[in-house]
Amino acid sequence: MVQATALIDANNFYASCEQSLDPALQGKPVVVLSNNDGCIVARSAEARALGIAMGTPFFQARKDLERLNVVVRSSNYALYADMSQRLMSLLERQTEELEIYSIDEAFARLTRPADGDLSHWARHLRAHIKHNLGLPIAIGLGKSKGQAKLANRLAKGIPDHAGLFDLEHCGDPDRWLETIAIEDVWGIGRRLAHWCRSRGISNARELRDMPTGTLKAKAGIVGWRLQRELQGHACLPLDLAPAPKQETCVSRSFSHPITTLEALQEAIATYVVRAAEKLRRQQQRTAALTIYTRTSPFSPGFYSRAASTRLDLPSNDTGALLEAALPLVPRIFQPHRQLAKAGVLMQHLQDTNHLQHHLLAPCDPEEQQRRERLMTTIDVLNRRYGNGTVAWAACGLSPSWMMRRDRLGRACTTRLSDVPVVQA
DNA sequence: TCTGGGGTCCTAGGACCC
DNA sequence: TCTGGGGTCCTAGGACCC
């Protein structure tokens, strides 16, 4: 029985979601912007064909986008998360084991049929996802995760392959691996790519075959493992049950710089409220908390400060976390600084069913239960009637620094008022 | 004018202990 | 006057991912 590892992902996921749910966008060039309408983070195939680069700041690309009639959308993470869940549940039913790796990617393990050929299965899966969700996917197959990643890139890059590439059934793999630039290898970031290039290593095949000692000396065990993966030894197991998060953060850039302590306090309070909701959804409490703020890294005189505190008793109670976080704000604030971004980190997270009592601060169990019921009620109300139905005074009312999302599409799958209406 | 957000893993080095 | 070595734990920072 021969096993194969697959990497399955949606092409241009955010842009494809927008196109799938708005028929008017199909076949048209579409780009999706990051939060605050900052950068281009997704491009439809049509937009890519027009030469629009990934990661370009919107304000720089704006003229070109208008000239080329490109549809521009603000990112709508509630919609993408919902589409992702639907995609993953379909994939789970069509594979033996599945690791959800990111919002639009999953690794799968499969058994090869007697002739070793999985192309029939792959073609069926692509058609199935297209039919049910309107999303195009690409499938890469190999012996390890590292190989599956490379195969997936080839599946997308070679039009003849129709979204499928199998490194075990492609004739001469070395020839294909040489077409993958070193920068495009999974696990090789900017720094390592530069280092590889300076040593004459410029593609995936050369990385696979370079002297192990040299690579290990530079990139440690991570680099060594990566090379083993490319050679076809599966070193990275499939991770079927996601480990509980070790930390969780909420951070945002402001729509325009802020300069007052009050504004920073409101922003931090807003992010603490969001982070506490996240903790409760994850069934976790935090034992430590950090807040930070910074000016724009693109302006001279970069300023960045952080302040941390530990909690006597780990908590996910919004009130308790606000009480811990807000006194830290004056420590990171400086007047006359054009603050561009702030965030909160929740660290040393614990499971809620792992109860820990503090020796010096014995808590009243009845009071604690009352607070927990209050938090649950607030979460239920905000989920049912929309975020902000129950708000915290510390967050301020409709603050001016709130992020910009001027070009939101419809949230058909998550907001009732946006569900398309079909005229009979 | 305007440049995203949320994570993980690994390593080096300091603090501390015996 | 002489001032070791080995271990663990923690933290900060680097690098990478999508």
Side-chain angles (χ1 to χ4, degrees), chain A residues 7 9-14 31-42 53-63 65 72-78 80-81 84 99-107 145-146 149 152-153 182-196 215-226 235-236 239 242-257 271 274-275 278-279 282 284 287-288 290 292 294-299 302 304 306 308 310 338 340-349 401 403-407:
Chain A
L7 177 70
D9 73 349
N11 305 349
N12 325 312
F13 183 56
Y14 298 166
V31 299
V32 177
L33 304 178
S34 64
N35 273 336
N36 245 332
D37 294 348
C39 300
I40 294 171
V41 291
M54 187 75 163
T56 313
F58 177 48
F59 75 92
Q60 280 174 12
R62 188 171 206 147
K63 280 236 169 71
L65 296 172
V72 179
R73 285 284 164 89
S74 301
S75 45
N76 182 350
Y77 290 102
Y80 311 145
S84 174
E99 171 189 338
I100 298 170
Y101 179 66
S102 75
I103 192 163
D104 73 328
E105 279 177 90
F107 287 104
K145 286 182 168 180
K149 270 279 194 181
N152 177 276
R153 175 158 284 273
I182 191 73
E183 290 77 12
D184 295 335
V185 176
W186 185 47
I188 300 294
R190 240 194 16 247
R191 303 275 175 138
L192 280 176
H194 183 255
W195 177 84
C196 286
L215 182 58
K216 201 173 170 190
K218 174 69 181 175
I221 192 149
V222 178
W224 177 72
R225 212 159 43 200
L226 170 62
C235 306
L236 301 165
D239 192 1
K245 285 194 199 308
Q246 300 182 28
E247 57 180 47
T248 238
C249 60
V250 174
S251 70
R252 295 276 184 283
S253 298
F254 306 128
S255 56
H256 60 83
Y271 304 157
R274 285 280 308 123
K278 272 193 185 185
L279 289 176
Q282 293 161 198
Q284 290 181 305
T290 297
Y292 70 90
R294 63 164 175 75
T295 58
S296 165
F298 303 98
S299 308
F302 181 65
S304 166
S308 305
R310 284 170 185 277
Q338 303 277 311
K341 179 177 179 177
V344 306
L345 279 90
M346 303 290 163
Q347 297 150 311
H348 306 308
L349 305 188
W401 44 265
M403 79 173 173
R404 201 162 32 217
R405 280 164 100 190
D406 293 337
R407 295 150 187 275

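In what follows, every chain begins at residue 1, and chains take the letters A, B, ... in the order their sequences are listed. Computed from heavy atoms alone, side chains included, the values below leave out hydrogens, waters and symmetry copies.
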Fill in the blank from the handout: Interatomic distance, NZ@A:Lys149 vs CG@A:Leu226, rounded to 0.5 Å, equals 11.5 Å
Practice task
Name the nucleic acid region contacted by A:Arg225, choosing base, sugar-phosphate or nothing; use a 4.0 angstrom heavy-atom cut-off, strictly under.
Solution key: sugar-phosphate
Practice task
Between A:Arg294 and A:Gln246, just flag the one whose closest nucleotide in DNA chain B comes earlier from the 5' side.
Solution key: A:Arg294
Exercise for the section: May I ask you to check whether A:Asp37 and A:Ser74 show a side-chain donor-acceptor distance below 3.5 Å? Expected result: yes
Practice task
Would you classify A:Asp37 as touching base, sugar-phosphate or nothing, given that sugar-phosphate means primed atoms plus P, OP1 and OP2, and contacts are heavy atoms under 4.0 Å?
Solution key: nothing
Exercise for the section: Remember a base hit wins even if backbone is also touched, and classify A:Lys218 as base, sugar-phosphate or nothing at under 4.0 Å, heavy atoms. Expected result: nothing
Practice task
Would you mind classifying the nucleic acid contact of A:Ile221 as base, sugar-phosphate or nothing, using non-hydrogen atoms under 4.0 angstrom?
Solution key: sugar-phosphate
Practice task
Can you tell me, in whole Å, how much space there is between the C1' of B:dC16 and that of C:dG4?
Solution key: 15 Å
Problem - Nucleotide paired to C:dG14 in any strand shown, Watson-Crick or G-U, under 3.5 Å - result: B:dC9
Practice task
Check every strand shown and say whether A:Val32 touches a base, only sugar-phosphate, or nothing at a heavy-atom separation below 4.0 Å.
Solution key: nothing
Handout entry: Donor on one side chain, acceptor on other, A:Ser299 and A:Gln338, under 3.5 Å
Key = no
Exercise for the section: Establish, from distance only, whether the side-chain atoms of A:Ser34 and A:Asn36 form a donor-acceptor pair under 3.5 Å. Expected result: no
Practice task
Select base, sugar-phosphate, or nothing to describe what A:Leu33 touches, counting heavy atoms under 4.0 Å on all strands.
Solution key: nothing
Handout entry: Range on DNA chain C touched by chain A - first to last nucleotide, heavy-atom distance under 4.0 Å
Key = C:dT11 to C:dC18
